[in-house]
Amino acid sequence: MKRKTGQDRSITQNWRPTTRAIRGGTARSEYGETSEALFLTSGYCYDKAGDAAARFAGEQEGMTYSRLQNPTVQMLEERIALLEGAEACRTMATGMAAMTASLLCQLQTGDHLVGGRAAFGSCRWLTDTLLPKFGIATTIVDARDPQAFLDAVRPETKVFFFETPANPTMDIADLKAICDIARERGITTVVDNAFATPALQRPMEFGADVTAYSATKMMDGQGRVLAGAVCGTEDFITNTLLPFTRNTGPTLSPFNAWVVLKGLETLDLRIHRQSENAMRIGEFLEGRVPRVLHPFLQSHPQHELAKRQMDACGPIFAFEVEGRDQAHALLDALELVDISNNIGDSRSLMTHPASTTHASVSPDKQIEMGVTEGLLRINVGLEDAQDVIDDLDQALKQAGL
């Protein structure tokens, strides 16, 4: 591969996804390094004052400041855009920075947003608490029902915001149906695709305008760094998102970008192996616990929709036991699986959402979202699936199941 091949869309758009994940976006320096270079610099120098002026005026290509551009970060942005099938991408310091920026960059006082009820706790805080502080009205609907989005539309509705699969209840939203409703009315769809990543689901193929990610999760995939990303058209990223981020500064560090670049190289291998493990463990739990919420199990009410939209199930699902006491007892009995609120890691992790990831959500809203006191979320890792099953088996027994 030549030095700039990875940045040439006329070439890289013909590569298959796994090749894009390894080589897409790569721009080698004059040293010809095989691994992406790590540029730890805050600023850049110019040969002449006129060059600086031309760059700041947008008349000359080149870097100006690492809050805006950085060679390592730029490589990651191009790689994620390629995987997503998007024209452009901007990365952020965290997943929540990406969610916040993707909304605030395009909303203002008097606008209206329709959001999915089942969502990560901090995403519900955005829609329920932060946006209304700025005079942006929000309506929360059951994202499993496309008609609910249509019924909530007002003349001032600007954005539909939802995630699928939803955290932690694994609700599946019909991407095509919801995006069709939005497009017919000039409404922008912002889809949180963190649970699936573009390796398993590409919302833009179903009509989504913007996809937002916590790249902390499967993209890094090994619990090392925080990162976020927003993908969209060149016009949206450059003219709507960039003015917001350049002046508010939710910038991804070059080191974290480099780590995520390395993570993407094994994304396809990891996520499919973890999906296989998650299927085995989901099948084990069925009949053993009161309820399993796994989109690729036939017991899931949206099983067929999930299979139409996703290439595999992903590593994450949820199940229910009898209340918080039993949930905590099961967690306390685990010997191999870690108690942790993270997801996407190569290690198997479990958490009790009502008391961790969704603790900031009021009890009545937790009930509305389907986050019960007995709900547990599991991230299935790369261990031997039978070892995870054995650990769950002994923990379930200790918890009375």
Side-chain angles (χ1 to χ4, degrees), residues 1-41 44-47 51 54-55 58-66 68-92 98 193 197-205 211 213 215 218-222 224-225 227-238 241-242 251-272 311:
M1 191 173 83
K2 306 303 181 186
R3 280 180 55 193
K4 302 296 182 182
T5 299
Q7 297 274 331
D8 187 342
R9 282 287 183 101
S10 68
I11 297 173
T12 59
Q13 68 183 359
N14 297 316
W15 292 346
R16 291 166 179 80
T18 50
T19 304
R20 293 178 181 181
I22 294 171
R23 292 185 175 270
T26 300
R28 291 181 175 134
S29 75
E30 66 273 21
Y31 295 108
E33 65 280 351
T34 54
S35 179
E36 295 82 7
L38 176 55
F39 290 88
L40 293 176
T41 182
Y44 305 89
C45 300
Y46 316 92
D47 289 338
D51 291 337
R55 288 194 200 177
E59 299 167 355
Q60 182 186 93
E61 288 189 6
M63 307 286 167
T64 59
Y65 192 58
S66 279
L68 306 179
Q69 318 102 348
N70 176 278
T72 308
V73 174
Q74 196 172 71
M75 285 189 271
L76 175 62
E77 290 170 343
E78 176 63 10
R79 185 169 297 179
I80 293 174
L82 281 171
L83 288 172
E84 188 67 34
E87 291 180 3
C89 169
R90 291 293 292 190
T91 53
M92 312 281 164
N193 196 41
T197 81
L200 298 184
Q201 178 175 265
R202 291 156 295 282
M204 289 183 179
E205 293 179 358
T211 54
Y213 288 100
M218 289 299 302
M219 289 189 184
D220 169 30
Q222 290 156 83
R224 300 171 295 191
V225 297
V230 178
C231 298
T233 63
E234 185 68 47
D235 178 65
F236 175 83
I237 296 297
T238 301
L241 182 67
L242 181 56
T251 309
L252 179 64
S253 79
F255 177 77
N256 286 14
W258 184 84
V259 173
V260 177
L261 277 166
K262 297 294 98 185
L264 287 175
E265 293 180 2
T266 59
L267 173 62
D268 185 77
L269 292 171
R270 288 184 287 102
I271 203 165
H272 283 94
D311 296 339

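In what follows, every heavy atom counts, from backbone to side chain, and hydrogens, waters and symmetry copies are set aside.
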Please check if the side chain of [X] supplies one atom and the backbone of [Y] the other of a donor-acceptor pair under 3.5 Å.
{"X": "R20", "Y": "L83", "result": "no"}
{"X": "R28", "Y": "E33", "result": "yes"}
{"X": "E234", "Y": "A88", "result": "no"}
{"X": "T266", "Y": "G263", "result": "yes"}

Does the side chain of [X] reach to within under 4.5 Å of the side chain of [Y], using non-hydrogen atoms?
{"X": "I80", "Y": "M219", "answer": "yes"}
{"X": "T64", "Y": "Q69", "answer": "yes"}
{"X": "N193", "Y": "R202", "answer": "no"}
{"X": "L252", "Y": "L76", "answer": "yes"}
{"X": "S35", "Y": "W258", "answer": "yes"}

### Query
Is a salt bridge present between D220 and R270, judged by a nitrogen-to-oxygen distance below 4.0 Å?
no

### Message
So, taking the atom named CG in D268 and the one named CG in L200, what distance separates them when rounded to the nearest 0.5 Å?
### Response
8.5 Å

### Query
Roughly how far, to the nearest 0.5 Å, is the CD atom of E84 from the OG1 atom of T197?
9.0 Å

Taking atom [atom1] of [X] as the centre, does the number of heavy atoms from other residues, nucleotides or ligands within less than 6.0 Å exceed 12?
{"X": "N14", "atom1": "CG", "value": "yes"}
{"X": "E61", "atom1": "CD", "value": "no"}
{"X": "R23", "atom1": "CZ", "value": "no"}

### Query
Run the side-chain contact (heavy atoms from CB on, under 4.5 Å) check on E87 and I237 step by step: do they pass?
CA-CA 9 Å; E87 291 180 3; I237 296 297; over 6 Å; no

